[in-house]
Protein chains: 2
Amino acid sequence: MPPDDKVVTSIVDLAGQGSAGTLASTVYDRLRGDILSGSLPPGEKLRTEALRARYEVGNSPIREALNRLSADGLVTREDQKGFRVVSASRADLEELVKTRCWLEAIALRESIANGDDEWEEGLVLSFHRLSRVRRSSSEDHYTVNPEWERLHRAFHLALLSACGSRWLLQYCAQLNDQADRYRQLAIVVSYPRRNELNEHEAMMKAATSRDAEEAVSLLMAHYERTAGIIRESISEFAAS
Amino acid sequence: MPPDDKVVTSIVDLAGQGSAGTLASTVYDRLRGDILSGSLPPGEKLRTEALRARYEVGNSPIREALNRLSADGLVTREDQKGFRVVSASRADLEELVKTRCWLEAIALRESIANGDDEWEEGLVLSFHRLSRVRRSSSEDHYTVNPEWERLHRAFHLALLSACGSRWLLQYCAQLNDQADRYRQLAIVVSYPRRNELNEHEAMMKAATSRDAEEAVSLLMAHYERTAGIIRESISEFAAS
DNA sequence: CAACGAAATAATTTCGATATTTAATTGACA
DNA sequence: TGTCAATTAAATATCGAAATTATTTCGTTG
């Protein structure tokens, strides 16, 4: 009996999944989505009063959600001074990418070493699903496609899912969230013009043929490239 | 309501400032300490009513503390079913140790590569402080010495502090917490008979002479040995 | 005119009570 | 006697207001 593994929800909420959880959990999901999508910009003050109006709930659920988010690193909390959306900066982005590469390199190597048939099949499947969805919701101008975002996250998680450590998986997911936020902030400026499908396919193939060196090097390049695009499309974020 | 009862039940008095914060933060610290010290055993149901009595505060601070702890991985939360202390098992311990070795190996290598004079001095200093405190409070039988616990944690953190990633540092600290909990659970059974001072000194010297390979290998051995002691002194923990 | 300090204002934190949901118990029926 | 449904009991989750703490405003003083 594998101990309760919750970990990992989706990037921009399961939109509409008004799942029968508690109000606090619902608010948590929505707030998380609003932060990751950039709808609540970095550094934004999060006043209880305003949030109560925005999400139409009482005091307690808001506060619970904020406390969870602060432990997730999406919100900063200062005793007696309330909450704000975590700030964003060039330096933080670099630190984030670096850490992500370190951790995912380990996770991917372990996954390739330990992954069984089920893992392989899950990987192939999640790639297939990702390949059948458009990057953007509309044709001419870019609009976030929540479905693509969800499947993209699922694919990357599938890569690492056999690493054998729920801790590591959770950390990778957390860093994924952070990176997604930067991606969304950058997207406002630059239409994503890269076709990532080839890169994903190459990773999938390297992983399923158990070529760890190749897979890791592809994954690192993938992240470096993404970081590069974000870097160049951003002068500086709002901070503090 | 004067918080005159500053009974430090916590192994690690993480915030020296302590008292200045909110009630929620105080309860968070105390609860954290009580879980790490084993005073609240694995799997224990955490009823709000009981905790209100135990810590003598209202509903909200308890709930906030529990929510933060659940994001820290020290308590589990299930919607509509409340909170319990995270369970402990042999399998979880193995996973924990493995993950810890992965992450700290990176952090230590980076620290050694990037650490400046200040880092070196901090390391030497924290070793010196650790060396002047006894492992146990009393001579004949073992009693947790909070001061040693604090300095021990500080030393290990000093080793990694120059790794250049706050994310990684935070994760290492989190895994440290988890490992401390297992240590405390094990100590109930077996008096710690190993003299860890030599090991710590060797690590410190290897790190300050920038011998990454040696330092990492010492650190890994250190953790493996600790895990071994915990393993042998424990048949099985309460679970689920 | 700047600086300091005290009242007024705003925001955060906390409490006690209520509404909802889950778990436990009882009792009826096959 | 065992199972299932209905009822009771317990616990969680939520609300709205009160208490505490930070921030701003404004008048006074050096």
Side-chain angles (χ1 to χ4, degrees), chain A residues 4 6 9 13 17-32 34-35 40-41 43-72 74-87 240, chain B residues 1-6 15 17-32 35 40-41 43-72 74-87 240:
Chain A
D4 37 6
K6 44 182 174 97
T9 42
D13 85 274
Q17 279 267 13
S19 62
T22 67
L23 265 188
S25 293
T26 306
V27 171
Y28 170 84
D29 287 337
R30 293 188 58 189
L31 249 171
R32 184 164 166 279
D34 288 345
I35 293 173
L40 287 171
E44 179 96 334
K45 188 88 207 296
L46 296 169
R47 284 189 214 72
T48 326
E49 178 59 31
L51 296 179
R52 277 186 24 167
R54 176 170 185 147
Y55 298 112
E56 296 173 299
V57 295
N59 215 327
S60 317
I62 295 283
R63 200 148 242 282
E64 295 206 11
L66 288 172
N67 273 295
R68 289 184 212 167
L69 286 167
S70 79
D72 286 346
L74 285 173
V75 160
T76 61
R77 172 188 56 77
E78 208 175 339
D79 275 355
Q80 242 96 33
K81 286 195 173 184
F83 303 83
R84 18 180 90 240
V85 177
V86 70
S87 63
S240 153
Chain B
M1 27 199 59
D4 49 5
D5 55 295
K6 293 306 284 183
Q17 60 234 357
S19 65
T22 67
L23 264 188
S25 293
T26 305
V27 171
Y28 170 84
D29 288 339
R30 294 188 58 189
L31 249 171
R32 182 165 167 280
I35 293 173
L40 288 171
E44 178 96 334
K45 188 84 206 298
L46 296 169
R47 281 188 266 291
T48 43
E49 178 59 30
L51 296 178
R52 276 186 23 166
R54 177 170 185 148
Y55 298 112
E56 295 172 300
V57 295
N59 217 326
S60 318
I62 295 281
R63 201 147 240 284
E64 296 206 9
L66 288 173
N67 274 296
R68 289 183 213 168
L69 287 167
S70 80
D72 285 346
L74 284 173
V75 317
T76 60
R77 173 188 57 76
E78 207 175 339
D79 276 354
Q80 239 98 35
K81 288 193 172 185
F83 303 84
R84 20 180 87 242
V85 178
V86 70
S87 62
S240 155

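These values consider heavy atoms only, across backbone and side chains, with no hydrogens, waters or symmetry-generated copies. The chains referred to below are lettered A, B, ... by the order of the sequence lines, with proteins before strands, and numbering in each begins at 1.
The side chain of B:R47 has D:dA11 as its nearest neighbour among C:dA17, D:dA11, C:dC15. The side chain of B:Q80 lies closest to C:dT22, out of C:dT22, D:dC15, C:dC15. Counting only heavy atoms from C-beta on, B:K81 has its side chain closest to C:dT22 among C:dT14, C:dT22, D:dT14. Distance from the side chain of A:A24 is smallest for D:dT14 among the nucleotides D:dA22, D:dT14, C:dT14.
Counting to the nearest Å, the P atom of D:dC15 and the OH atom of A:Y55 are 15 Å from each other. For the pair B:F83 CZ and C:dT22 C1', the interatomic distance rounds to 15 Å; values are reported in whole Å. If you measure from atom CD of A:E64 to atom C1' of C:dT14, you get 14 Å, rounded to the nearest angstrom. Computed from coordinates, the B:I62 CD1 to D:dT12 P distance equals 12 Å when rounded to whole Å. The nearest whole Å value for the distance from the CG atom in A:L23 to the P atom in D:dT14 is 5 Å. A:R52 has its CZ atom 7 Å from the P atom of D:dG16, to the nearest Å. Separating the CG atom of A:L66 from the P atom of C:dA11 is a distance of 15 Å, rounded to the nearest angstrom. Taking atom CG on A:N67 and atom P on D:dT14, their separation rounds to 14 Å, with Å as the unit.
Between B:R77 and B:D79, at least one side-chain nitrogen of the basic residue sits less than 4.0 Å from a carboxylate oxygen of the acidic one, meeting the salt-bridge criterion. Between A:D72 and A:R32 there is no salt bridge, since no side-chain N of the basic residue sits under 4.0 Å from a carboxylate O of the acidic one.
One finds a side-chain N or O of A:T48 lying less than 4.0 angstrom from the OP1 or OP2 phosphate oxygen of C:dT12. For A:K45, no side-chain nitrogen or oxygen approaches OP1 or OP2 of C:dA11 to under 4.0 Å. B:S60 has no side-chain polar atom (N or O) that falls below the 4.0 Å cut-off from OP1 or OP2 of C:dC15.
Between B:G82 and A:N59, the residue anchored closer to the 5' end of DNA chain D is B:G82, taking for each the nucleotide with the nearest heavy atom.
Residues B:S25 and B:R68 approach most closely at OG-NH1, 3.3 Å, considering heavy atoms.
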